[in-house]
Protein chains: 2
Amino acid sequence: MAAGEVSGRGPRERMVFSAAQLIRGRGVGATGMRDVVAHARAPRGSLQHYFPGGKEELVTEAVEWAGRYAARRVARFVAGLPEPTPSALFTAMVRQWTDDLAARDATSGCPVAAAVVDCADTSETTRTAAAAAFTAWAAAVAQALTDMGVPSARAEALATLMISAVEGALLVARAERDVRALTAVSQELGPLLDAAVEKR
Amino acid sequence: MAAGEVSGRGPRERMVFSAAQLIRGRGVGATGMRDVVAHARAPRGSLQHYFPGGKEELVTEAVEWAGRYAARRVARFVAGLPEPTPSALFTAMVRQWTDDLAARDATSGCPVAAAVVDCADTSETTRTAAAAAFTAWAAAVAQALTDMGVPSARAEALATLMISAVEGALLVARAERDVRALTAVSQELGPLLDAAVEKR
DNA sequence: CCGCTACTATGACACCGGTCATAATCGCGG
DNA sequence: CCGCGATTATGACCGGTGTCATAGTAGCGG
């Protein structure tokens with residue numbers, strides 16, 4: 001979710017990416033299809049060609065994309081860790097967001113969160129996609145935790161805790177236009193996470 | 001935030017309440033002013049009379065109302081606790097949401113979160129109101145924690161952690177139409193919270 | 001009854017959104 | 001060059017939005 005890269009491969013992929021980008025900034029309702037094609041520098045006629053399901057399809061796919069992205073990202077984080085501890089992973093996750101907030105003046109949040117808020121009870125398929133996104137993300141985190149020695153029973157619960165904390169802190173941080181909440185969460189949760197790895 | 005009470009005092013107060021109710025369900029963008037007056041059973045003409053600032057004013061006030069409500073609620077929770085421990089307070093906070101989700105099939109979230117997602121970068125005043133709402137809520141929690149013996153330095157950080165965790169878990173729970181995330185968060189965070197009270 | 005303020009009623013306006021209909025163009029195999 | 005499917009272009013439509021203008025009513029002090 002770098003800066004504003006739009007040079008992804010096909011027009012279709014670009015549109016999905018742009019949709020995610022816009023949604024996470026203004027919410028689903030305020031994101032128009034015309035805005036998406038403009039942002040993706042894609043032809044407007046391609047909308048009804050690539051997304052015959054209309055806006056709902058586009059939004060859903062943007063959410064799915066975000067879920068895959070987050071999951072991939074976790075794997076990359078743990079790979080790049082000096083020494084893999086749960087708290088280090090969590091710090092890395094948080095840092096991604098603090099960097100993102102700083103880079104764009106806290107004008108963007110998480111697209112999945114936006115989709116949940118705006119579509120959870122109007123579009124069943126979008127809601128399901130959001131749930132899947134969270135699940136995929138959590139699975140990646142849980143996997144990383146078990147690899148670090150956390151009993152798999154707790155790993156899942158801790159993964160949802162981590163994701164929930166990040167997502168919530170992101171909300172607060174955006175409202176306050178201050179990274180404070182994110183760093184606080186990272187700080188306070190670290191010890192708890194590390195304490196969960198089984199000593200051997 | 002009981003069920004669907006609309007019999008609050010004046011028409012103005014009812015409209016603010018209804019706005020919060022609708023916003024937390026469908027988001028700000030999808031909530032029309034006409035919907036609000038209908039839900040509040042208030043005359044449509046009263047809109048421009050009571051809220052000359054238009055939708056922005058109404059939304060902002062709904063957010064402020066939600067913030068006050070959450071803060072008040074915390075005080076009531078701690079008052080009703082058998083024995084006041086941080087984990088017990090957190091469980092009570094979580095339970096309020098699980099009950100709410102169960103009562104309405106997970107069709108509603110937090111109005112403040114919705115406002116952040118939809119208005120954070122379009123309306124400065126609404127964003128500020130959301131920040132104030134979180135701050136008020138956190139202050140109430142932090143106060144409760146210090147009363148329980150948590151050093152005031154950590155109390156603030158823990159309060160934002162609690163709020164972030166609840167808010168994030170609420171998002172996940174709504175997406176999954178399952179209370180799981182909320183209970184997991186409550187479960188995992190409890191010991192950490194209780195460990196923060198200073199033994200004397 | 002008057003006058004004044006608080007409130008309500010109602011219709012119109014300008015605007016914008018997603019979607020559809022229809023036609024044009026491209027690109028390539030034959 | 002033809003044909004044909006994939007893509008793009010464009011304009012229109014319809015429903016819905018927030019907001020405003022204008023007029024009406026209610027209630028009360030004098």
Side-chain angles (χ1 to χ4, degrees), chain A residues 6-23 25-63 111 114-115 117-119 121-126 129, chain B residues 6-23 25-63 111 114-115 117-119 121-126 129:
Chain A
V6 172
S7 37
R9 313 234 281 293
R12 211 194 114 100
E13 195 171 349
R14 287 209 314 268
M15 286 194 267
V16 172
F17 177 86
S18 289
Q21 203 72 7
L22 292 181
I23 286 171
R26 335 192 243 202
V28 175
T31 299
M33 311 253 93
R34 291 165 169 90
D35 300 345
V36 172
V37 293
H39 183 277
R41 268 191 275 286
R44 191 184 132 212
S46 302
L47 269 178
Q48 67 181 289
H49 182 70
Y50 289 119
F51 304 94
K55 187 175 189 177
E56 183 175 6
E57 184 178 356
L58 178 56
V59 172
T60 300
E61 223 155 314
V63 168
V117 165
D118 282 342
C119 317
D121 71 336
T122 65
S123 163
E124 193 67 14
T125 77
T126 305
Chain B
V6 172
S7 37
R9 313 237 280 294
R12 211 195 115 100
E13 195 172 349
R14 287 208 315 264
M15 285 193 266
V16 172
F17 177 86
S18 289
Q21 203 73 5
L22 293 181
I23 287 170
R26 331 189 232 186
V28 175
T31 299
M33 312 252 91
R34 291 165 169 88
D35 300 345
V36 173
V37 294
H39 183 277
R41 267 192 273 287
R44 192 183 132 214
S46 301
L47 269 178
Q48 67 180 292
H49 182 71
Y50 288 119
F51 305 94
K55 187 176 189 176
E56 184 175 6
E57 184 178 354
L58 178 55
V59 171
T60 300
E61 222 154 315
V63 169
V117 166
D118 283 342
C119 317
D121 71 336
T122 64
S123 164
E124 193 66 15
T125 76
T126 304

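Letters go in sequence order (proteins before strands), and every chain restarts at 1.
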- Presence of B:Ser46 side-chain N/O under 4.0 Å of C:dC7 phosphate oxygens OP1/OP2: no

- Sequence neighbours excluded, the answer for salt bridge (charged side-chain N to carboxylate O under 4.0 Å, His left out) partners of B:Glu57 is none

- Query: Do A:Glu56 and A:Phe51 have side chains that get closer than 4.5 Å, going by heavy atoms?
  - Reply: no

- side-chain contact (heavy atoms from CB on, under 4.5 Å) against B:Thr122, all qualifying residues, sequence neighbours excluded: B:Cys119

- Query: Over its full length, what angle do the end axes of the helix from C:dC1-D:dG30 to C:dG30-D:dC1 make, each axis taken from five pairs and the result rounded to 10 degrees?
  - Reply: 10°

- What residues form a side chain to side chain donor-acceptor pair (under 3.5 Å) with B:Glu124, not counting sequence neighbours? B:Arg127

- Note on the structure: B:Arg14 atom CZ is separated from C:dC7 atom P, nearest whole Å, by 13 Å

- With sequence neighbours left out, the residues meeting side chain to side chain donor-acceptor pair (under 3.5 Å) with A:Asp35 are A:Arg26

- Message: Can you measure A:Arg26 atom CZ to C:dG17 atom C1' for me and round it to whole angstrom units?
- Response: 13 Å

Name the pairs: protein N/O against N/O of nucleotides 21-27 of chain C, kept only if under 3.5 Å.
unit_1: C:dA21; atom_1: N6; unit_2: A:Gln48; atom_2: NE2; d: 2.6

- Task: Starting from C1' on C:dG18, measure out to OH on A:Tyr50 and report it in whole angstrom.
- Result: 20 Å

- Query: Rounded to the nearest 0.5 Å, how far does CG of B:Leu58 lie from OG1 of B:Thr126?
  - Reply: 10.0 Å

- To the nearest angstrom, the CZ-P distance between A:Arg44 and D:dG11 comes to 9 Å

- Item | Option passing side-chain hydrogen bond (donor to acceptor under 3.5 Å, both in side chains) with B:Ser18 (candidates B:Arg41, B:His39, B:Glu13) | B:His39

- Message: Between P on C:dG17 and CG on A:Leu22, what's the gap in Å once rounded to a whole number?
- Response: 12 Å

- Any donor-acceptor N/O pair, A:Lys55 side chain to A:Val28 backbone, under 3.5 Å: yes

- Query: Side chains of A:Met15 and A:Leu47: closer than 4.5 Å at any heavy-atom pair?
  - Reply: yes

- Item | Separation of D:dT8 C1' from A:Phe51 CZ (nearest whole Å) | 15 Å

- Message: Measure NE2/A:His49 against C1'/D:dA9 and give the value in whole Å, please.
- Response: 14 Å

- Query: Over how many whole Å does the gap from A:Leu47 atom CG to D:dA9 atom C1' extend?
  - Reply: 12 Å

- Query: For A:Arg44, what residues pass the side-chain contact (heavy atoms from CB on, under 4.5 Å) criterion, not counting sequence neighbours?
  - Reply: A:Arg34, A:Val37

Polar pairs (N or O, both sides) under 3.5 Å between protein and nucleotides 15-18 of chain D?
unit_1: D:dG18; atom_1: OP1; unit_2: B:Thr31; atom_2: O; d: 3.4
unit_1: D:dG18; atom_1: OP1; unit_2: B:Met33; atom_2: N; d: 3.4
unit_1: D:dG18; atom_1: OP1; unit_2: B:Lys55; atom_2: NZ; d: 2.9
unit_1: D:dG18; atom_1: OP2; unit_2: B:Met33; atom_2: N; d: 2.9
unit_1: D:dG18; atom_1: N7; unit_2: B:Arg34; atom_2: NH1; d: 2.7
unit_1: D:dG18; atom_1: O6; unit_2: B:Arg34; atom_2: NH2; d: 3.2

- Query: Who pairs with B:Thr31 by side chain to side chain donor-acceptor pair (under 3.5 Å), at least two apart in sequence or on another chain?
  - Reply: none

